[in-house]
Structures are given as C-alpha cells and as structure tokens.
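Residue numbers begin at 1 in each chain, while the letters A, B, ... track the order of the sequences.
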Amino acid sequence: MTPSVAYGTDIDQRTDTAQQTSTDVLTAPDIPWNLVIWNDPVNLMSYVSYVFQSYFGYSEAKSHKLMMEVHKKGRSIVAHGSKEQVEQHAVAMHGFGLWATVEKAASGNETPGKGGRQRG
Amino acid sequence: MAKAFKYGLKGITGHLEPAERDLLRGLLDDVISMLESDVRENEDPLAALIGLDMDAKKPSDRALLRLLPNVMKDDDAGSLEFRQLTERSVRESKIGALKATALGLDKNDLVLTGEEAARWSMALNDVRLVLAERLDIRDEADADHIHSMQDWSQAEDVESYLALVYNFTTWLQESLVQSMISARQAQS
C-alpha cells in the first residue's frame, strides 16, 4: 500500500495494545468462508482503513490493525461468514477498488476470529 | 494550483483550477470507457434486468482485471461463475461513481457532501489503479520510484507525465480521505 502522506512512516510504529479485545469470536465450524484483502502498492493506507471503518463499521483501531496486517503480511482476513455473505462483501470491496478474494476457512494457522465479525 | 481537500464548517471543501479539472475529467472518462467498452447491446433483456451477464469473462487487460479481479485465488471456474452473476453490478457502481465525480467537476471551488466525497474517493482510487497498471507499478519499490517524481519540469515523455499525473491524483485522494476521516471523527 501507499503510505499516507499525512501520517508519515511512523504509522508503522503504532502498537496493537488494547486493540485485541474481541469478545465475540466465532468458532471455526460456524465460519466456513473468509473474506481476504490482499496488499497492493497503489491503494492508500488511509483509504483502506477508511473502507474498513465505513463499510464494516469496525473501529478506527481495528481498521488500522487490519490494514497494517494487509500491508505487512500481504493479506488479511477481514470478515467471515457464509459463502453468500463473504461474496457480497467481495462485491462491495471490488466496488471500492480493494483487491478482495473469498476462500474456504481452512483449519490452518490463520484464525479467522482475528479479523472480527462482519456487521449485520 | 489545486488546494488539498479539507474538512471544516462548510463540510469537505477543495479547489481545482480549470486545467486540473479538465485533466481529471479526461482520466475519469478514460476509466468509464474502459468499463463500458464491452457492454453488449443485443443481450437478453431479462438477464440484463436482473444483473446477469453470462458472457462475462476474465478481462485480458491488466488494468481492467485490477478493477474487476477474480474472486477466488485458485478457482477460475468459480471466479467466472461469480463474475457472470456480479460483474455487471460492480461495473455499474464504478461507472456511477466515476460519472458523478466527472459531473461534479463543474466549478473551481468544490464543496462535497459525505456521499459525494465517498464517490469521489472511489473514483479517484479507480483512476489511480488504472494509471498504476499503465506505469507498471508492481511493488512498493516501483511505487516509491514513481512517487519520487514531483517536478513538472521532469515531464519529458509520456511515462514521466503519467507519473506526475498519478502523483497528483494520489495527493488529491489522500487529502480527500483525510478529510473524510476528520468528518467521521467530528460526527462521532
């Protein structure tokens, strides 16, 4: 992603303290599909974070954390749900210009709960 | 000179000179025609009505593919099926935002509502995605290289001109998004 001019590079220095309290994490069998956002060198960090806030209704802190995960790890699971739900999210993300894919939630290393739940 | 967008008492405001508005309008029109290019005329009207497009296929143009990406990483058949069901509506929403933004470029002093700002940010993002493909921006190093070109006296060829246009659009979108974030914070 392209760093936000106004924030400068020290945006990376923000830590994740106090941002990891998610009390309503669903368990794996209930969440068969993930919405994945992929990093690209074009989308602004501020824009990606804004989309997470405005579309999913996530807090600023959570949106920032997910955006940084996309930026640093190359991808992040930002929502999960039924196939139909995540596909609907993917259509919206493509509308915003974010590079989104859907995938079956595997029993791999990535825990979908980290990405939180979607609105509605 | 353009002024960065800012959030204040009047809402989200910005300022663009006529030449800058012409430039942006041209860029927006280019993306609109890319997205409209293969909309077929003699298609099944019922299918069109409910948003289906059984002729949709993965775009061969990289820029168009970036605007309309596959929805599954390793499943071309599944992605194609999804494309047939949804691509038309993604195209239409993008075209809608691009056209609304182009129409809004009718005066130098801009005052945007929250909804207008949201459409502008989507439209500017799509413009940047297309320019980035034309500039072959593949990774962060490429992006940094392009970003380092800020001096219009450097515009010697098509590529350096495109790079400067890309940086202008980036700057404009960044100020707009920061204004939208400020507006959001003010409302909460």
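In the hydrophobic cluster analysis, where Ile, Leu, Val, Met, Phe, Trp and Tyr join through side-chain heavy atoms closer than 4.5 angstrom, A:Val42 is grouped together with B:Leu164. B:Trp152 and B:Leu162 fall within the same hydrophobic cluster, where Ile, Leu, Val, Met, Phe, Trp and Tyr residues are linked whenever their side-chain heavy atoms come under 4.5 Å apart, directly or through other members. Put simply, B:Phe5 and B:Trp171 are part of the same group of oily side chains (I, L, V, M, F, W, Y) that touch within less than 4.5 Å, one to the next. A continuous path of ILVMFWY side-chain contacts below 4.5 Å connects B:Tyr161 to B:Val127, so both sit in one hydrophobic cluster. B:Leu65 and B:Leu131 sit in two unconnected hydrophobic clusters of ILVMFWY residues. Membership requires side-chain heavy atoms under 4.5 Å apart, directly or through other members.
Here the CE atom belonging to B:Met180 is positioned 10.5 Å from the CD atom belonging to A:Gln53, to the nearest 0.5 angstrom. For the atom pair CD of B:Glu174 and CE of A:Met45, the computed distance is 10.0 Å after rounding to the nearest 0.5 Å.
What you find for B:Arg66 and A:Asp40 is that their closest heavy atoms are NH2-OD2, 2.9 Å. Closest approach of A:Pro41 and B:Tyr166 over heavy atoms only: O-OH, 4.4 Å. Residue A:His94 comes nearest to B:Asn70 through the heavy atom pair CE1-O, 4.4 Å, listed as atom of the first residue, atom of the second, then distance. The shortest non-hydrogen separation linking B:Asp126 to A:Gly97 is OD1-CA, 4.1 Å. Smallest separation of non-hydrogen atoms from A:Gly95 and B:Ser93: CA-OG, 4.4 Å.
B:Asn125 touches chain A through its side chain: at least one heavy atom from C-beta onward sits under 4.5 Å away, while N, CA, C and O do not. Only the side chain of A:Asn39 comes within contact range of chain B, with at least one heavy atom under 4.5 Å from a heavy atom of that chain. For A:Met93, no part lies near chain B; criterion is any non-hydrogen pair under 4.5 Å. Proximity to chain A (any heavy atom under 4.5 Å) is restricted, for B:Arg138, to the backbone atoms N, CA, C and O. Both the backbone and the side chain of B:Leu129 come within less than 4.5 Å of a heavy atom in chain A. For B:Ser175, no part lies near chain A; criterion is any non-hydrogen pair under 4.5 Å. Proximity to chain A (any heavy atom under 4.5 Å) is shown, for B:Val71, by both the backbone and the side chain. There is no contact between B:Asp74 and chain A, counting heavy-atom distances below 4.5 Å.
Under the 4.5 Å side-chain criterion, counting only non-hydrogen atoms from C-beta, B:Ser89 is in contact with A:Val91. Within the 4.5 Å cutoff, side-chain heavy atoms of B:Thr170 are placed close to those of A:Leu44. The closest side-chain heavy-atom distance from A:Glu60 to B:Arg184 is not below 4.5 Å. In this structure the side chain of B:Met122 reaches within 4.5 angstrom of the side chain of A:Tyr47, judged on heavy atoms. Proximity of A:Glu87 to B:Thr86: side-chain heavy atoms (C-beta onward) are nowhere separated by under 4.5 Å.
When the shell of 6.0 Å around NZ of B:Lys73 is examined, it contains more than 12 heavy atoms from other residues, nucleotides or ligands. Atom CD of A:Gln88 sits in a sparse spot, with 12 or fewer heavy atoms from other residues, nucleotides or ligands closer than 6.0 Å.
No side-chain donor-acceptor contact under 3.5 Å links B:Glu140 to the backbone of A:Thr2.
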